Student: 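My questions all concern the structure below.
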Number of protein chains: 2
Amino acid sequence: MVAEQLKSTRQRKAVSNILATITKFSSAQEVHKLLISRGEKVGLATVYRTLQALAETGAIDVLRNDDGEALYRACSTDHHHHLVCTKCNKTTEISAPEVEIWTEKIAREQGYLISGHTIEVFGTCANCR
Amino acid sequence: MVAEQLKSTRQRKAVSNILATITKFSSAQEVHKLLISRGEKVGLATVYRTLQALAETGAIDVLRNDDGEALYRACSTDHHHHLVCTKCNKTTEISAPEVEIWTEKIAREQGYLISGHTIEVFGTCANCR
DNA sequence: ATGAGTTTGACAATCATTCTCATTTAGGTT
DNA sequence: AACCTAAATGAGAATGATTGTCAAACTCAT
Ligand SMILES: [Mn+2]
Ligand SMILES: [Mn+2]
Ligand SMILES: [Zn+2]
Ligand SMILES: [Zn+2]
(Lines give C-alpha, C1' and ligand atoms only; values in the text may rest on other atoms or scores of the structure.)
(Ligands and ions follow the chains in the order given, each with its own letter.)
Protein backbone atom coordinates (compact mmCIF):
# COMPACT_ATOMS: atom_id res chain seq x y z
CA MET A 1 0.00 0.00 0.00
CA VAL A 2 2.32 2.67 -1.28
CA ALA A 3 1.16 6.25 -1.05
CA GLU A 4 -0.59 7.84 -4.03
CA GLN A 5 1.79 9.46 -6.46
CA LEU A 6 1.12 11.76 -9.35
CA LYS A 7 3.51 11.22 -12.18
CA SER A 8 4.74 14.12 -14.23
CA THR A 9 3.61 13.60 -17.78
CA ARG A 10 3.70 15.63 -20.94
CA GLN A 11 -0.09 15.77 -20.93
CA ARG A 12 -0.39 16.99 -17.37
CA LYS A 13 2.15 19.68 -17.96
CA ALA A 14 0.33 20.75 -21.10
CA VAL A 15 -2.96 21.08 -19.24
CA SER A 16 -1.39 23.03 -16.40
CA ASN A 17 0.40 25.30 -18.83
CA ILE A 18 -2.77 26.07 -20.73
CA LEU A 19 -4.66 26.78 -17.53
CA ALA A 20 -1.98 29.26 -16.55
CA THR A 21 -2.78 31.26 -19.66
CA ILE A 22 -6.55 31.31 -19.24
CA THR A 23 -8.21 33.79 -16.92
CA LYS A 24 -11.78 32.67 -17.34
CA PHE A 25 -13.48 29.53 -16.08
CA SER A 26 -13.34 26.92 -18.85
CA SER A 27 -14.84 23.50 -19.46
CA ALA A 28 -12.84 20.35 -20.10
CA GLN A 29 -14.01 20.47 -23.70
CA GLU A 30 -12.76 24.02 -24.11
CA VAL A 31 -9.41 23.21 -22.57
CA HIS A 32 -9.10 20.22 -24.87
CA LYS A 33 -9.88 22.26 -27.97
CA LEU A 34 -7.34 24.85 -26.93
CA LEU A 35 -4.68 22.21 -26.48
CA ILE A 36 -5.41 20.70 -29.87
CA SER A 37 -5.42 24.09 -31.55
CA ARG A 38 -1.98 24.68 -30.12
CA GLY A 39 -0.69 21.43 -31.53
CA GLU A 40 -0.62 19.64 -28.18
CA LYS A 41 -1.77 16.07 -28.55
CA VAL A 42 -3.77 15.18 -25.45
CA GLY A 43 -6.74 12.87 -25.28
CA LEU A 44 -10.08 14.25 -24.15
CA ALA A 45 -10.38 11.68 -21.39
CA THR A 46 -7.00 12.70 -20.11
CA VAL A 47 -8.05 16.32 -19.97
CA TYR A 48 -11.09 15.34 -17.94
CA ARG A 49 -9.02 13.20 -15.60
CA THR A 50 -6.34 15.82 -15.17
CA LEU A 51 -8.74 18.65 -14.44
CA GLN A 52 -10.61 16.53 -11.93
CA ALA A 53 -7.39 15.48 -10.25
CA LEU A 54 -6.18 19.05 -10.03
CA ALA A 55 -9.52 20.13 -8.62
CA GLU A 56 -9.50 17.38 -6.02
CA THR A 57 -6.16 18.46 -4.65
CA GLY A 58 -7.40 22.03 -4.61
CA ALA A 59 -4.82 23.09 -7.15
CA ILE A 60 -7.55 24.57 -9.32
CA ASP A 61 -11.13 25.72 -8.72
CA VAL A 62 -14.33 24.23 -10.11
CA LEU A 63 -17.82 25.54 -10.43
CA ARG A 64 -20.94 24.59 -12.34
CA ASN A 65 -22.53 26.84 -14.91
CA ASP A 66 -26.28 27.08 -15.37
CA ASP A 67 -26.25 23.98 -17.53
CA GLY A 68 -24.50 21.96 -14.87
CA GLU A 69 -21.24 21.77 -16.77
CA ALA A 70 -18.02 21.81 -14.78
CA LEU A 71 -15.79 24.83 -15.34
CA TYR A 72 -12.20 25.02 -14.15
CA ARG A 73 -9.76 27.80 -13.42
CA ALA A 74 -6.29 28.13 -11.98
CA CYS A 75 -6.92 30.65 -9.25
CA SER A 76 -4.77 32.06 -6.51
CA THR A 77 -4.00 29.56 -3.79
CA ASP A 78 -5.67 31.34 -0.93
CA HIS A 79 -9.32 30.85 -0.06
CA HIS A 80 -11.61 33.06 -2.11
CA HIS A 81 -14.80 33.17 -4.14
CA HIS A 82 -15.84 34.40 -7.56
CA LEU A 83 -17.57 37.07 -9.49
CA VAL A 84 -18.33 35.49 -12.85
CA CYS A 85 -19.61 37.04 -16.08
CA THR A 86 -22.49 34.96 -17.38
CA LYS A 87 -21.69 35.95 -20.95
CA CYS A 88 -17.98 35.34 -21.28
CA ASN A 89 -17.10 33.62 -17.97
CA LYS A 90 -14.58 36.31 -17.18
CA THR A 91 -13.81 35.90 -13.51
CA THR A 92 -12.75 38.13 -10.68
CA GLU A 93 -11.63 36.63 -7.40
CA ILE A 94 -13.22 38.04 -4.30
CA SER A 95 -12.77 37.37 -0.62
CA ALA A 96 -14.81 38.12 2.45
CA PRO A 97 -13.64 37.12 5.89
CA GLU A 98 -16.90 38.29 7.39
CA VAL A 99 -18.82 35.90 5.19
CA GLU A 100 -16.57 33.01 6.14
CA ILE A 101 -17.26 33.64 9.79
CA TRP A 102 -20.98 33.87 9.17
CA THR A 103 -20.89 30.56 7.33
CA GLU A 104 -19.20 28.76 10.21
CA LYS A 105 -21.59 30.17 12.74
CA ILE A 106 -24.73 29.25 10.80
CA ALA A 107 -23.67 25.67 10.24
CA ARG A 108 -22.75 25.17 13.86
CA GLU A 109 -26.05 26.58 15.03
CA GLN A 110 -27.91 24.10 12.87
CA GLY A 111 -25.90 21.12 14.04
CA TYR A 112 -24.17 20.46 10.74
CA LEU A 113 -20.58 19.39 10.32
CA ILE A 114 -19.42 21.70 7.57
CA SER A 115 -17.60 20.21 4.61
CA GLY A 116 -17.58 23.22 2.36
CA HIS A 117 -19.48 26.15 0.96
CA THR A 118 -20.19 27.84 -2.30
CA ILE A 119 -20.35 31.57 -2.82
CA GLU A 120 -20.46 32.78 -6.40
CA VAL A 121 -21.77 36.06 -7.69
CA PHE A 122 -22.98 36.22 -11.28
CA GLY A 123 -23.49 39.15 -13.56
CA THR A 124 -22.44 40.85 -16.76
CA CYS A 125 -18.97 42.32 -16.96
CA ALA A 126 -18.29 45.80 -18.27
CA ASN A 127 -17.02 44.44 -21.57
CA CYS A 128 -20.09 42.38 -22.27
CA ARG A 129 -22.33 45.39 -21.91
CA MET B 1 -48.18 38.04 -29.07
CA VAL B 2 -50.38 37.28 -26.14
CA ALA B 3 -48.71 37.16 -22.75
CA GLU B 4 -47.36 33.83 -21.51
CA GLN B 5 -49.91 31.78 -19.69
CA LEU B 6 -49.45 28.67 -17.63
CA LYS B 7 -52.40 26.35 -17.88
CA SER B 8 -53.50 24.36 -14.92
CA THR B 9 -53.08 20.70 -15.67
CA ARG B 10 -53.38 17.50 -13.69
CA GLN B 11 -49.67 16.87 -14.13
CA ARG B 12 -48.57 20.28 -12.95
CA LYS B 13 -50.73 20.01 -9.89
CA ALA B 14 -49.32 16.58 -9.16
CA VAL B 15 -45.75 17.85 -9.33
CA SER B 16 -46.53 20.83 -7.12
CA ASN B 17 -48.31 18.63 -4.62
CA ILE B 18 -45.44 16.21 -4.37
CA LEU B 19 -42.96 19.04 -3.92
CA ALA B 20 -45.01 20.33 -1.04
CA THR B 21 -44.46 17.05 0.78
CA ILE B 22 -40.70 16.87 0.23
CA THR B 23 -38.32 18.77 2.46
CA LYS B 24 -35.07 17.83 0.79
CA PHE B 25 -33.70 18.92 -2.56
CA SER B 26 -34.68 16.32 -5.15
CA SER B 27 -33.85 15.62 -8.77
CA ALA B 28 -36.38 15.45 -11.59
CA GLN B 29 -35.81 11.72 -11.72
CA GLU B 30 -36.55 11.36 -8.02
CA VAL B 31 -39.69 13.44 -8.26
CA HIS B 32 -40.82 11.36 -11.20
CA LYS B 33 -40.26 8.09 -9.35
CA LEU B 34 -42.17 9.42 -6.38
CA LEU B 35 -45.10 10.39 -8.56
CA ILE B 36 -45.18 6.99 -10.20
CA SER B 37 -44.93 5.19 -6.88
CA ARG B 38 -47.96 7.14 -5.74
CA GLY B 39 -49.93 6.10 -8.76
CA GLU B 40 -49.74 9.48 -10.46
CA LYS B 41 -49.22 9.08 -14.18
CA VAL B 42 -46.91 11.84 -15.35
CA GLY B 43 -44.32 11.61 -18.10
CA LEU B 44 -40.69 12.12 -17.25
CA ALA B 45 -40.31 14.91 -19.79
CA THR B 46 -43.25 16.68 -18.24
CA VAL B 47 -41.64 16.50 -14.82
CA TYR B 48 -38.49 18.06 -16.24
CA ARG B 49 -40.46 20.78 -17.98
CA THR B 50 -42.59 21.53 -14.97
CA LEU B 51 -39.71 21.74 -12.54
CA GLN B 52 -37.80 24.00 -14.90
CA ALA B 53 -40.80 26.21 -15.41
CA LEU B 54 -41.41 26.49 -11.68
CA ALA B 55 -37.77 27.29 -11.12
CA GLU B 56 -37.78 29.96 -13.79
CA THR B 57 -40.63 31.81 -12.19
CA GLY B 58 -38.87 31.51 -8.88
CA ALA B 59 -41.66 29.37 -7.45
CA ILE B 60 -39.12 26.74 -6.44
CA ASP B 61 -35.37 26.71 -5.87
CA VAL B 62 -32.71 24.87 -7.84
CA LEU B 63 -29.15 23.95 -7.10
CA ARG B 64 -26.59 21.60 -8.56
CA ASN B 65 -25.08 18.74 -6.62
CA ASP B 66 -21.46 17.69 -6.99
CA ASP B 67 -22.33 15.68 -10.07
CA GLY B 68 -23.92 18.66 -11.74
CA GLU B 69 -27.44 17.30 -11.46
CA ALA B 70 -30.24 19.78 -10.88
CA LEU B 71 -32.03 19.48 -7.56
CA TYR B 72 -35.32 21.21 -6.80
CA ARG B 73 -37.16 22.21 -3.65
CA ALA B 74 -40.27 24.16 -2.77
CA CYS B 75 -38.82 26.66 -0.33
CA SER B 76 -40.27 29.64 1.43
CA THR B 77 -40.97 32.55 -0.87
CA ASP B 78 -38.60 35.04 0.68
CA HIS B 79 -35.00 35.35 -0.40
CA HIS B 80 -32.75 32.89 1.39
CA HIS B 81 -29.96 30.39 1.00
CA HIS B 82 -29.29 26.80 1.98
CA LEU B 83 -27.50 24.55 4.35
CA VAL B 84 -27.54 21.17 2.64
CA CYS B 85 -26.58 17.73 3.94
CA THR B 86 -24.29 16.06 1.43
CA LYS B 87 -25.50 12.62 2.51
CA CYS B 88 -29.29 12.91 2.48
CA ASN B 89 -29.86 16.36 0.92
CA LYS B 90 -31.78 17.45 4.00
CA THR B 91 -32.01 21.20 3.74
CA THR B 92 -32.22 24.09 6.16
CA GLU B 93 -33.02 27.54 4.89
CA ILE B 94 -30.74 30.29 6.05
CA SER B 95 -30.67 34.02 5.50
CA ALA B 96 -27.97 36.61 5.82
CA PRO B 97 -28.74 40.26 5.17
CA GLU B 98 -25.11 41.16 5.79
CA VAL B 99 -23.98 38.81 3.06
CA GLU B 100 -26.52 40.23 0.64
CA ILE B 101 -25.16 43.70 1.19
CA TRP B 102 -21.60 42.53 0.78
CA THR B 103 -22.52 40.84 -2.48
CA GLU B 104 -24.02 43.97 -3.95
CA LYS B 105 -21.07 46.09 -2.93
CA ILE B 106 -18.46 43.72 -4.37
CA ALA B 107 -20.16 43.43 -7.74
CA ARG B 108 -20.61 47.16 -8.04
CA GLU B 109 -16.97 47.78 -7.20
CA GLN B 110 -15.90 45.44 -9.97
CA GLY B 111 -18.17 46.99 -12.55
CA TYR B 112 -20.45 44.02 -12.96
CA LEU B 113 -24.20 44.21 -13.43
CA ILE B 114 -25.38 41.58 -10.97
CA SER B 115 -27.86 39.00 -12.18
CA GLY B 116 -27.75 36.69 -9.19
CA HIS B 117 -25.65 34.92 -6.64
CA THR B 118 -25.20 31.52 -5.11
CA ILE B 119 -24.56 30.87 -1.46
CA GLU B 120 -24.83 27.28 -0.31
CA VAL B 121 -23.26 25.69 2.71
CA PHE B 122 -22.64 21.95 2.64
CA GLY B 123 -22.07 19.52 5.45
CA THR B 124 -23.36 16.48 7.26
CA CYS B 125 -26.56 16.78 9.25
CA ALA B 126 -26.90 15.50 12.80
CA ASN B 127 -28.88 12.48 11.63
CA CYS B 128 -26.32 11.36 9.10
CA ARG B 129 -23.62 11.28 11.75
C1' DA C 1 -69.80 23.19 -27.66
C1' DT C 2 -65.92 24.99 -30.53
C1' DG C 3 -61.19 26.10 -31.87
C1' DA C 4 -56.68 27.95 -31.41
C1' DG C 5 -52.98 27.59 -28.75
C1' DT C 6 -50.82 24.63 -24.94
C1' DT C 7 -49.38 20.69 -22.94
C1' DT C 8 -48.34 15.97 -22.80
C1' DG C 9 -45.85 11.58 -23.41
C1' DA C 10 -43.45 7.89 -25.69
C1' DC C 11 -39.34 7.65 -27.78
C1' DA C 12 -35.39 9.31 -30.23
C1' DA C 13 -31.49 12.26 -30.03
C1' DT C 14 -27.89 15.07 -27.53
C1' DC C 15 -23.88 15.50 -25.39
C1' DA C 16 -20.96 15.99 -21.37
C1' DT C 17 -18.75 12.75 -18.72
C1' DT C 18 -17.26 8.06 -17.60
C1' DC C 19 -15.64 3.46 -18.63
C1' DT C 20 -12.70 -0.16 -21.03
C1' DC C 21 -8.65 -2.03 -21.86
C1' DA C 22 -4.73 -2.61 -24.87
C1' DT C 23 -0.63 0.08 -25.27
C1' DT C 24 2.71 3.44 -23.64
C1' DT C 25 5.30 5.82 -20.10
C1' DA C 26 7.46 7.55 -15.68
C1' DG C 27 10.55 6.75 -12.40
C1' DG C 28 12.72 3.86 -9.38
C1' DT C 29 15.96 -0.39 -9.12
C1' DT C 30 19.65 -3.31 -10.54
C1' DA D 1 21.74 1.40 -19.72
C1' DA D 2 18.50 -2.15 -19.53
C1' DC D 3 14.53 -3.63 -16.54
C1' DC D 4 10.17 -3.63 -13.97
C1' DT D 5 5.86 -2.41 -12.65
C1' DA D 6 2.39 0.59 -11.29
C1' DA D 7 0.41 4.59 -13.23
C1' DA D 8 -1.14 7.04 -17.25
C1' DT D 9 -2.93 7.51 -21.80
C1' DG D 10 -6.21 7.43 -25.69
C1' DA D 11 -9.53 5.73 -29.00
C1' DG D 12 -13.78 4.36 -28.90
C1' DA D 13 -17.86 2.42 -26.54
C1' DA D 14 -21.07 3.18 -22.90
C1' DT D 15 -23.68 5.90 -19.62
C1' DG D 16 -27.18 8.77 -18.14
C1' DA D 17 -29.25 13.14 -17.33
C1' DT D 18 -31.49 16.32 -20.08
C1' DT D 19 -33.59 17.90 -24.40
C1' DG D 20 -36.04 17.49 -28.88
C1' DT D 21 -39.89 15.65 -31.80
C1' DC D 22 -44.47 15.55 -33.04
C1' DA D 23 -48.99 13.46 -33.06
C1' DA D 24 -52.65 13.16 -29.80
C1' DA D 25 -55.03 15.14 -25.65
C1' DC D 26 -56.27 19.02 -23.12
C1' DT D 27 -57.34 24.00 -21.38
C1' DC D 28 -59.97 27.78 -21.44
C1' DA D 29 -61.76 32.03 -23.49
C1' DT D 30 -65.45 32.87 -26.59
MN1 LIG E 1 -15.40 31.01 1.63
MN1 LIG F 1 -28.78 36.07 -1.22
ZN1 LIG G 1 -18.21 39.23 -19.87
ZN1 LIG H 1 -28.28 14.14 6.28
Side-chain angles (χ1 to χ4, degrees), chain A residues 1-19 22 24-57 59-73 89, chain B residues 1-19 22 24-57 59-73 89:
Chain A
M1 60 195 82
V2 188
E4 287 281 315
Q5 43 194 310
L6 271 237
K7 292 183 176 174
S8 173
T9 66
R10 172 179 60 76
Q11 294 86 336
R12 283 177 178 158
K13 288 174 194 161
V15 170
S16 292
N17 287 339
I18 281 281
L19 283 179
I22 309 176
K24 75 188 193 72
F25 269 92
S26 314
S27 68
Q29 306 270 359
E30 289 176 326
V31 171
H32 182 243
K33 281 195 192 102
L34 255 178
L35 284 168
I36 296 303
S37 77
R38 293 197 186 182
E40 299 276 5
K41 298 193 185 311
V42 183
L44 178 58
T46 296
V47 173
Y48 270 99
R49 287 185 292 233
T50 300
L51 290 173
Q52 286 162 359
L54 288 173
E56 261 164 33
T57 69
I60 64 177
D61 282 358
V62 213
L63 62 77
R64 299 273 173 181
N65 67 10
D66 278 334
D67 296 322
E69 299 174 9
L71 303 182
Y72 303 86
R73 180 172 188 268
N89 283 331
Chain B
M1 61 194 81
V2 188
E4 286 283 313
Q5 45 193 308
L6 272 238
K7 293 184 174 173
S8 174
T9 67
R10 170 178 62 76
Q11 293 87 336
R12 283 176 178 159
K13 287 174 193 160
V15 170
S16 291
N17 288 339
I18 281 281
L19 282 178
I22 309 176
K24 74 187 194 75
F25 269 92
S26 314
S27 68
Q29 305 269 0
E30 288 177 327
V31 170
H32 181 243
K33 282 195 192 103
L34 255 177
L35 285 167
I36 296 303
S37 76
R38 293 197 186 181
E40 298 275 4
K41 298 192 185 312
V42 183
L44 177 58
T46 298
V47 173
Y48 270 99
R49 286 185 292 234
T50 301
L51 289 174
Q52 285 161 359
L54 288 173
E56 261 164 32
T57 68
I60 65 177
D61 283 358
V62 213
L63 62 77
R64 299 273 174 181
N65 67 10
D66 279 334
D67 297 322
E69 298 174 8
L71 303 181
Y72 302 87
R73 180 173 187 268
N89 283 331

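Labels below follow one simple rule: chain letters A, B, ... track the order of the sequence lines, proteins then strands, and each chain is numbered from 1. Predicted model only: the values in this text are computed from it and were never measured. Only this structure's heavy atoms are used, side chains among them; waters, hydrogens and symmetry mates stay out.
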Student: Hey, could you give me the CD/CG distance between B:Gln52 and B:Leu54, rounded to the nearest 0.5 Å?
Tutor: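 These two atoms lie 10.0 Å from each other.
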Student: For nucleotides 16-30 of chain C, read 5' to 3', which letter fits each nucleotide if B means a protein heavy atom sits under 4.0 Å from the base, S means only the sugar-phosphate is that close, and - means neither?
Tutor: SBBBB-----BS---
Student: Strictly below 4.0 Å: does A:Gln11 bring a side-chain N or O up to OP1 or OP2 of D:dG10?
Tutor: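 Looking at the OP1 and OP2 atoms of D:dG10, one of them is under 4.0 Å from a side-chain N or O of A:Gln11.
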Student: Rounded to the nearest 0.5 Å, what's the gap from OG on B:Ser16 to CD on B:Gln11? Could you check?
Tutor: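 One gets 11.5 Å once the value is rounded to the nearest 0.5 Å.
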Student: Does A:Arg12 place a side-chain N or O at less than 4.0 Å from the phosphate oxygens OP1/OP2 of D:dT9?
Tutor: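 For A:Arg12, the contact criterion (side-chain N or O under 4.0 Å from OP1 or OP2 of D:dT9) is met.
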Student: So do the side chains of A:Gln29 and A:Tyr48 get within less than 4.5 Å of each other, counting heavy atoms only?
Tutor: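 Answer yes - side chains close enough.
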Student: Using heavy atoms and a sub-4.0 Å distance, could you list which residues of residues 32-43 of chain B are near DNA chain C? By number, please.
Tutor: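 Hits under 4.0 Å, by residue number: B:Lys41, B:Val42, B:Gly43.
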Student: When you compare the side chain of B:Ile22 with that of B:Leu34, does any pair of heavy atoms fall below 4.5 Å?
Tutor: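 Counting from C-beta outward, B:Leu34 and B:Ile22 do come under 4.5 Å.
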Student: Could I get the full list of ring-ring contact (aromatic ring centres under 6.0 Å, His included) partners for B:Tyr72, not counting sequence neighbours?
Tutor: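 Per chain and number, B:Tyr72 pairs via ring-ring contact (aromatic ring centres under 6.0 Å, His included) with no residue.
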Student: Any side-chain to backbone donor/acceptor pair from A:Asp67 onto A:Glu69? Under 3.5 Å, distance only.
Tutor: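 Judged by distance alone, no pair lies under 3.5 Å.
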Student: Output the distance between atom NZ (A:Lys24) and atom CG (A:Leu71), rounded to the nearest 0.5 Å.
Tutor: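 Here the rounded value is 7.5 Å.
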Student: Let me know the distance between CD of B:Glu30 and C1' of D:dT18, rounded to the nearest Å.
Tutor: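 After rounding, the reported distance stands at 15 Å.
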Student: Where is the tightest heavy-atom contact between A:Arg10 and A:Lys41, given as atom of each residue plus distance?
Tutor: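 The answer is NH1-O, 2.9 Å.
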